[in-house]
Amino acid sequence: MRIHELAKEVGVDTKELIKKLKKLNFPVKNHMSSIDAETAEIIKQELGEIERKEIESNLIEVDFPITIKELSIKLNKKPSELLGDLLKQRKFFTINQNLDEKTATNIAYNYKVNLRQKLSREETILKTDSKNSKKRAPIVTLMGHIDHGKTSILDYIRKSKVVEKETGGITQHIGAYQVTLDKGKVTFLDTPGHETFTAMRARGANATDIVIIVVAADEGVKPQTVEAIDHAKAASVPIIAAINKVDKPNANIDLVKQQLSKLDLTPEDWGGKTVTVGVSAKTGAGIDELLDLIILQADIMELKADYGRPAVGIVVESRLSKGRGSQTSVLIQEGVLKVSDWCLCGIFCGRVKAMYDDRGNLTQEAQPACPVEILGLDGVPNPGDQFFVVPDEKSAREIVSKRVAEQERKKLVPTAHLKLEDLYRKVKEGDLKQLKVILKADVGGTLEAVDQALAKIPSKEVELNIVHKGVGAVNSSDVLLAEVTDSIIVGFKVTIDAQVRELAKKKGIELRSYQIVYELIDDVRAALEGLLTPQIKRTFLGRARVKTVFKLSKSGTIAGCQIEKGKVTRGAPCHLFRENEVIFEGKVNTLKRFKDDVKEVAEGLECGISIGYDKYKEGDVIDVFHEESIARKLK
């Protein structure tokens with residue numbers, strides 16, 4: 001192959017190609033220099049990589065969707081050029097019509113430009129990064145059954161580790177507090193339970209670094225303990241098991257460890273990976289060891305925060321006070337919050353008028369992992385809402401107005417979560433490889449039977465993941481967990497409260513109830529079969545050989561062909577062969593007999609074919625076939 005032939009094939013000027021080849025250290029003298037096929041292929045790959053890098057570096061920020069007129073201005077091209085590109089793809093647009101991101105990006109790529117969604121004002125503020133990262137304290141949440149001692153442990157830690165001499169002592173409860181130990185600081189989130197923990201995550205607030213599951217040594221694992229564990233697992237955070245009340249005479253630590261092992265929390269001293277520690281909130285036994293384990297886990301995680309950027313955090317609690325107005329407890333995650341900063345929280349904003357630490361003392365600034373209560377917001381935000389500092393009031397008002405508008409829009413269009421009917425589509429898009437299920441049954445025996453039956457459904461390609469299973473009615477906690485994990489809820493012989501149904505409907509959660517076990521198993525099996533990639537069966541339809549190539553002003557490049565075998569049908573998938581090698585896959589976009597568009601052309605006749613390719617050569621062969629998608633079954 002000559003250099004000028006290669007230049008024509010890759011679509012660049014010969015002189016420009018020679019310059020590029022010299023930069024790549026390929027020995028060429030002039031346009032008549034010869035290269036072998038293998039070298040030509042290497043050159044094409046190298047040039048393709050150079051072009052890709054050039055396009056990626058030539059970045060333009062735009063707002064999607066974008067009109068053809070706006071895009072032409074950004075690309076410095078005439079709108080007619082872009083409309084022509086779209087016509088070649090059989091896409092008909094007007095100059096003021098919106099293009100989606102994919103279409104606009106494809107057009108820009110033709111002109112060696114890469115498009116990117118322009119960051120909103122909010123995203124620009126949150127993206128601020130000063131590279132000033134330093135170690136921060138771990139944020140810990142305690143969860144477990146209602147009377148197993150979460151609050152007692154927190155109270156003991158608070159009383160024993162907070163210096164009583166400090167002004168104000170322990171007078172302020174703001175939903176979180178920080179203790180200073182010899183080896184560092186620890187921040188505790190005092191949430192009412194796993195429902196609040198998951199509700200915060202549902203709002204996008206992954207505030208917790210470590211979860212402590214509290215189990216009473218005299219009572220063992222309870223249904224609420226199981227729920228708490230499943231909610232913690234869904235958050236993908238390290239779990240430490242604190243076995244409380246070890247001072248009681250009827251305490252049975254081994255039984256608790258055995259129960260935890262059945263829940264995939266096998267203790268380290270039993271050969272597992274879960275850290276367990278026996279504690280007593282009454283005597284203080286094991287509390288220091290628990291705190292040391294928290295510090296150790298935090299060191300392993302290497303928790304860091306950026307201290308140089310504007311503050312970002314989450315709301316822990318908020319309330320309206322008669323004398324002070326909105327009182328909002330926030331936990332700082334990044335940056336340093338200062339009095340007089342303008343901040344935004346949910347759909348409310350304001351300047352920080354005053355700030356109190358977790359012991360009720362006035363403070364001027366709060367660093368990462370530090371909980372504080374602030375005054376100055378013009379409303380009461382929700383727990384879990386993101387909190388961040390903005391440059392000025394104008395920025396705050398602008399973002400709030402957009403959020404309010406978005407909130408109103410969402411009221412009209414409910415959030416859509418996973419439906420059984422959508423499984424195949426999601427797998428095809430590469431978004432899903434497992435079916436997540438929350439399973440509830442009327443009694444323990446039935447629950448285990450259903451769980452075992454589901455486990456026996458054979459599948460190597462797709463996974464059935466039981467996120468949580470429990471006995472009793474489907475409740476709001478199940479709906480919240482389903483929202484966060486994108487699961488479906490399956491109930492067997494259980495009641496579903498009208499309020500729970502309404503909550504599930506509002507959040508777009510799939511909720512199904514069964515009375516016959518075979519129906520439940522069949523539905524889940526069918527759903528898993530929907531996850532399997534279908535088998536594609538191809539049936540040969542016809543073969544056409546390219547005799548000549550010509551261009552039409554409206555239809556682009558057309559291959560003049562003769563049908564050698566079978567028939568060619570418009571819209572059918574096809575392969576373009578050159579020297580017995582597939583060089584293009586597409587479908588028959590245009591099929592013409594003389595000047596007329598036709599649906600099919602039979603053997604022996606001549607026709608014009610367009611398959612979305614414009615570099616046909618005489619002698620190329622187009623094989624046309626029929627495709628049939630066959631659903632596969634689980635074996």
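When a residue number appears, it is its place in the shown sequence, counting from 1.
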- Message: Under the criterion side chain to side chain donor-acceptor pair (under 3.5 Å), I'd like the reasoning laid out for Glu70 against Thr67: C-alpha separation, chi angles, the key distance, then a yes or no.
- Response: CA-CA 5 Å; Glu70 290 167 341; Thr67 65; 3.3 Å; yes

- Go through the steps to decide whether Leu71 and Leu75 satisfy the test side chain to side chain contact (heavy atoms under 4.5 Å, CB included), and finish with yes or no. CA-CA 6 Å; Leu71 183 59; Leu75 297 175; 3.8 Å; yes

- Begin with the C-alpha distance, continue with both residues' side-chain angles, and end with the deciding distance and a verdict on side chain to side chain contact (heavy atoms under 4.5 Å, CB included) for Leu87 and Phe92. CA-CA 6 Å; Leu87 275 173; Phe92 303 96; 3.3 Å; yes

- Working for side chain to side chain contact (heavy atoms under 4.5 Å, CB included), residues Asp597 and Thr590: CA-CA 7 Å; Asp597 285 315; Thr590 306; 4.0 Å; yes

- Message: Set out, in order, the CA-CA distance, both residues' side-chain angles and the distance that settles salt bridge (Lys or Arg N to Asp or Glu O under 4.0 Å) for Lys507 and Glu483, then state yes or no.
- Response: CA-CA 7 Å; Lys507 294 187 178 292; Glu483 181 186 15; 3.4 Å; yes

- Message: Run Asp392 and Arg397 through salt bridge (Lys or Arg N to Asp or Glu O under 4.0 Å) and show every step you take.
- Response: CA-CA 9 Å; Asp392 48 45; Arg397 302 289 178 199; over 6 Å; no

- Begin with the C-alpha distance, continue with both residues' side-chain angles, and end with the deciding distance and a verdict on side chain to side chain contact (heavy atoms under 4.5 Å, CB included) for Ile609 and Cys607. CA-CA 6 Å; Ile609 299 175; Cys607 62; 3.8 Å; yes

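With hydrogens and angles left out, the side-chain atoms of Ser477 and His231 include a donor and acceptor closer than 3.5 Å.
With values rounded to the nearest 0.5 angstrom, Asp385 atom CG is found 7.5 Å from Arg403 atom CZ. Residue Arg538 holds its CZ atom at 13.0 Å from CD of Glu628, rounded to the nearest 0.5 Å. Taking SG from Cys574 and CG from Leu541, the interatomic distance works out to 11.0 Å, rounded to the nearest 0.5 Å. Atom CD of Glu334 is separated from atom NZ of Lys304 by 12.0 Å, given to the nearest 0.5 angstrom. Distance OG1/Thr485 to NZ/Lys436: 6.0 Å, rounded to 0.5 Å. Atom SG of Cys345 and atom CG of Asn382 lie 9.0 Å apart (nearest 0.5 Å).
Note on Arg545 versus Asp623: no salt bridge recorded, every NZ/NE/NH1/NH2 to OD/OE distance being 4.0 Å or above.
For the pair Val588/Thr569, no side-chain contact is recorded, criterion being any heavy-atom separation below 4.5 Å from C-beta on. By the 4.5 Å heavy-atom criterion applied to side chains, Ile622 and Val624 are counted as neighbours. You'll find the side chain of Val437 reaches within 4.5 Å of the side chain of Leu464, heavy atoms only. Two residues are said to be in side-chain contact when any heavy atoms from C-beta on lie closer than 4.5 Å; Leu83 and Ile68 meet this criterion. No side-chain heavy atom of Ile558 sits less than 4.5 Å from a side-chain heavy atom of Tyr616. The side-chain heavy atoms of Val546 and Cys561, taken from C-beta on, include a pair separated by under 4.5 Å. Under the 4.5 Å side-chain criterion, counting only non-hydrogen atoms from C-beta, Ile139 is in contact with Leu331. In this structure the side chain of Lys617 reaches within 4.5 angstrom of the side chain of Arg578, judged on heavy atoms.
Atom CG of Asn76 has 12 or fewer neighbouring heavy atoms from other residues, nucleotides or ligands inside a 6.0 Å radius. Counting non-hydrogen atoms of neighbouring residues, nucleotides and ligands closer than 6.0 angstrom, the NZ atom of Lys592 exceeds 12 such neighbours. Heavy atoms from other residues, nucleotides or ligands lying under 6.0 Å from CZ of Phe594 number 12 at most. Remark: Lys567 NZ is loosely packed, at most 12 non-hydrogen atoms of other residues, nucleotides or ligands lying under 6.0 Å away.
Although no hydrogens or angles enter the test, the distance criterion places a donor-acceptor pair under 3.5 Å between the side chain of Ser318 and the main chain of Pro381. Looking at Thr105, its side chain does come within 3.5 Å of a backbone N or O of Glu101 through a donor-acceptor pair. No donor-acceptor pair closer than 3.5 Å links the side chain of Gln333 to the backbone N or O of Val312. With hydrogens and angles ignored, the 3.5 Å screen pairs no side-chain donor or acceptor of Asp341 with any backbone N or O of Cys343. Side chain of Glu502 to backbone of Gln499: no donor-acceptor contact under 3.5 angstrom is found. Between the side chain of Arg593 and the main chain of Val598, no donor-acceptor pair closer than 3.5 Å is present. A donor-acceptor pair is defined here as one N or O able to donate and one able to accept, closer than 3.5 Å; no such pair exists between the side chain of Thr103 and the backbone of Leu99.
In plain terms, the two heavy atoms of Leu86 and Phe93 that are nearest each other are CD1-CD1, 3.7 Å. Closest approach of Ala104 and Ile66 over heavy atoms only: CB-CG2, 4.0 Å. The heavy-atom pair separating Val113 from Ile60 by the smallest distance is CG1-CD1, 3.5 Å. Heavy-atom minimum distance, Leu377 versus Ser326: O-CB, 3.5 Å. Closest non-hydrogen pair, Val474 versus Asp478, comes out as CA-OD2, 3.5 Å. In plain terms, the two heavy atoms of Leu82 and Tyr111 that are nearest each other are CD2-CE1, 3.6 Å.
Taking the six-membered ring where the residue is Trp, Phe584 and Tyr613 present tilted rings, their angle falling between 30° and 60°.
With sequence neighbours left out, the ring-ring contact (aromatic ring centres under 6.0 Å, His included) criterion links His575 to Phe625.
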